[in-house]
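Fair warning: this is a prediction, and the values are worked out from it, not measured in the lab. Counting from 1, the numbers follow the sequence of the chain as shown.
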Amino acid sequence: MAITSTHRSTTEEDITAEVLRRFESTPDARLREIMLALVRHLHRFVKEVNLTEREWFDAVQFLTETGRMCDDKRQEFILLSDTLGVSMVVDLINHRKPEGATESTVFGPFHREGAPEMAAGGNIAPRDSGGTPMLVSGRVRDLGGRPIAGAKLDVWQADSSGLYDSQYVDGGELHMRGVFHTDDEGRYLVRTVRPVYYAIPHDGPVGRMLRATGRHPWRPAHVHFVVSADGCEPVTTHIFDDSDPYLESDTVFAVKDSLICHFVRHEETDDRARALAIDPPFYSVEFDFVLKPRS
Ligand code: BEZ
Ligand code: FE
């Protein structure tokens, strides 16, 4: 005879309540909040799509492969978060900025520690002979418009082939990266090459997901910055090229209007280009970073 119990058997209707009950006594209040919401949403999701056992197993396989793809040079979970738009939701809710402050965007998986310190005009692309030279300049200011001296700019970008240094087989050596500081008037000047649009790594599970859903892997051309200064909140951001065909469909949803800039083409030299021994044609772009005070 079957043992009847009101405690152990769960039904489609009451299993969620029972799982939630087990997490109710999580000592850490924030962890409790997160686990309860996670269970509620996951159960609702599984029921909404009527997930089959096959699909559940495929999802487990997908996540397993995503983990296996990760090492010190490749972060497939960040790519997954980025392409699902989760990274940008986290960015948007955590960096609500006052009017005028530079907006943030995704950090991405390609930042590296240890970029060389460079003087104003330093070239972050010394080995990129195929790229068109570009000067990025402007000021770092506070919300009141006052220039910030000694602000730090950590800059990185893909080369003119659309690849980051770490994506090359022998990618141990740092390239396309530099750390700059503003002068007494808050000015900075970075020499690089014009960035190009590039595909995020798509030879793994994230690429498969993009193909299966009819999406492309492209990111519009951009230069990455983390700008920081004493007493201010650092900003992690990019500047984007206003002529890029992928501005409307960045595969990681990271474009914000305020970060789109005009990259000016110069066919003739000028004093600044001469001083840096840059032959035309070259590009220049101006962008002022505005930092808000640390809260
Ligand atoms: C990047 O801009 O470096 C990047 C951001 C998200 C995913 C892949 C690359
Ligand atoms: Fe990038």
Side-chain angles (χ1 to χ4, degrees), residues 88 91-92 94-108 110-126 133-158 174-195 220-242 244 254-264 266 270-273 275-276 278 282-295:
M88 277 313 286
D91 169 73
L92 287 160
N94 280 281
H95 299 285
R96 297 186 182 109
K97 291 282 168 80
E99 188 66 29
T102 299
E103 292 191 284
S104 54
T105 190
V106 284
F107 189 51
F110 291 117
H111 178 262
R112 286 170 78 179
E113 293 299 332
E117 295 266 345
M118 293 190 179
N123 186 3
I124 68 166
M134 183 168 94
L135 291 172
V136 189
S137 62
R139 293 194 199 219
V140 179
R141 301 176 187 274
D142 66 16
L143 276 176
R146 288 172 291 269
I148 303 177
K152 176 180 167 188
L153 298 99
D154 191 343
V155 187
W156 71 103
Q157 72 170 76
L174 295 164
H175 189 222
M176 310 298 297
R177 300 169 191 278
V179 172
F180 295 79
H181 288 89
T182 53
D183 67 13
D184 289 347
E185 291 170 344
R187 292 183 195 282
Y188 71 91
L189 173 61
V190 177
R191 176 176 174 177
T192 181
V193 292
R194 186 186 186 183
H222 58 272
V223 183
H224 292 257
F225 291 86
V226 176
V227 183
S228 53
D230 287 347
C232 295
E233 229 161 71
V235 64
T236 297
T237 195
H238 310 352
I239 57 168
F240 293 95
D241 176 352
D242 69 354
D244 195 281
V255 179
K256 292 180 178 175
D257 288 348
S258 67
L259 305 176
I260 300 174
C261 305
H262 187 53
F263 292 10
V264 181
H266 301 260
D270 61 20
D271 289 348
R272 206 169 54 165
L276 293 168
I278 296 174
F282 67 96
Y283 286 86
S284 71
V285 52
E286 284 265 337
F287 191 82
D288 282 1
F289 295 94
V290 179
L291 302 183
K292 70 171 199 159
R294 200 180 280 282
S295 47

- Message: Please check: side-chain N/O of Gln157 versus main-chain N/O of Val193, any donor-acceptor pairing under 3.5 Å?
- Response: yes
- Answer whether the closest heavy-atom distance between the side chains of Arg194 and Asp241 falls below 4.5 Å. yes
- Message: Donor-acceptor pair, distance only, cut-off 3.5 Å: does the side chain of Thr105 make one with the backbone of His238?
- Response: no
- Side chain proximity check, Lys97 to Thr102, heavy atoms < 4.5 angstrom: no
- State whether the side chain of Lys152 and the backbone N or O of Val179 hold a donor-acceptor pair below 3.5 Å, judged by distance alone. no
- Message: Within the structure provided, determine whether Pro147 and Thr182 are in side-chain contact (heavy-atom separation under 4.5 Å).
- Response: no
- Excluding sequence neighbours, so at least two apart, what forms side chain to side chain donor-acceptor pair (under 3.5 Å) with Asp288? Arg141
- Message: As an exercise, state the distance from CD1 of Ile260 to CG of Asp242, rounded to the nearest 0.5 Å.
- Response: 7.5 Å
- Please list, chain by chain and in numerical order, all residues satisfying salt bridge (Lys or Arg N to Asp or Glu O under 4.0 Å) with Asp154, sequence neighbours excluded. none
- Message: Can you give me the closest heavy-atom contact between Met176 and Ala125, atom names plus distance?
- Response: SD-CB, 3.6 Å
- Message: Which residues pass the side chain to side chain donor-acceptor pair (under 3.5 Å) test with Asn94, not counting sequence neighbours?
- Response: none
- Message: I need the Ser258 OG to Phe287 CZ distance, nearest 0.5 Å.
- Response: 6.0 Å
- Could you pull out the closest heavy-atom pair between Leu259 and Ser104, with the gap in Å? CD1-O, 4.4 Å
- Query: Parallel, tilted or perpendicular: which describes the rings of His224 and His222, with under 30° parallel and over 60° perpendicular?
  - Reply: perpendicular
- Item | Atom pair CG/CG of Leu291 and Asp142 - distance to nearest 0.5 Å | 8.5 Å
- Task: Taking ring-ring contact (aromatic ring centres under 6.0 Å, His included) as the test, write out the residues that go with His181, two or more places apart.
- Result: none
- Query: Does a side-chain heavy-atom distance below 4.5 Å link Met134 with Val136?
  - Reply: yes
- Query: Looking at Phe180, Phe107, Phe225, which one forms a ring-ring contact (aromatic ring centres under 6.0 Å, His included) with Trp156?
  - Reply: Phe107
- So, for Phe263 and Phe240, which heavy atoms are closest and what is the spacing to 0.1 Å? CE1-O, 3.7 Å
- Message: Side chains of Ser284 and Arg272: any donor to acceptor distance under 3.5 Å?
- Response: no
- Message: Quick check for you: to the nearest 0.5 Å, what is the distance between Thr192 atom OG1 and Arg177 atom CZ?
- Response: 11.5 Å
- When rounded to the nearest 0.5 Å, the distance separating OH of Tyr188 from CD1 of Ile148 is 13.0 Å
- Query: Asp244: what forms a salt bridge (Lys or Arg N to Asp or Glu O under 4.0 Å) with it, not counting sequence neighbours?
  - Reply: none
- Query: Which atoms form the tightest heavy-atom contact between Arg191 and Gly121, and what is the distance?
  - Reply: CB-O, 3.5 Å
- Query: Would you say the side chain of Leu276 lies within less than 4.5 Å of the side chain of Leu135, judging by non-hydrogen atoms?
  - Reply: yes
- Could you pull out the closest heavy-atom pair between Leu143 and Gly100, with the gap in Å? CD2-C, 4.2 Å
- Straight-line distance of Met88 CE to His95 NE2, nearest 0.5 Å: 9.5 Å
- State whether the side chain of Arg187 and the backbone N or O of Ser137 hold a donor-acceptor pair below 3.5 Å, judged by distance alone. no
- Message: When you measure from the side chain of Arg112 to the backbone of Leu174, do you find a donor-acceptor pair of N or O atoms at a distance under 3.5 Å?
- Response: no
Anything under 3.5 Å between a donor and an acceptor, one on a side chain of residues 229-237, the other on a protein residue two or more places apart or in another chain? List them.
residue: Glu233; atom: OE1; partner: Lys292; partner atom: NZ; Å: 3.4
residue: Glu233; atom: OE2; partner: Ser295; partner atom: OG; Å: 3.1
residue: Thr237; atom: OG1; partner: Glu103; partner atom: O; Å: 2.8

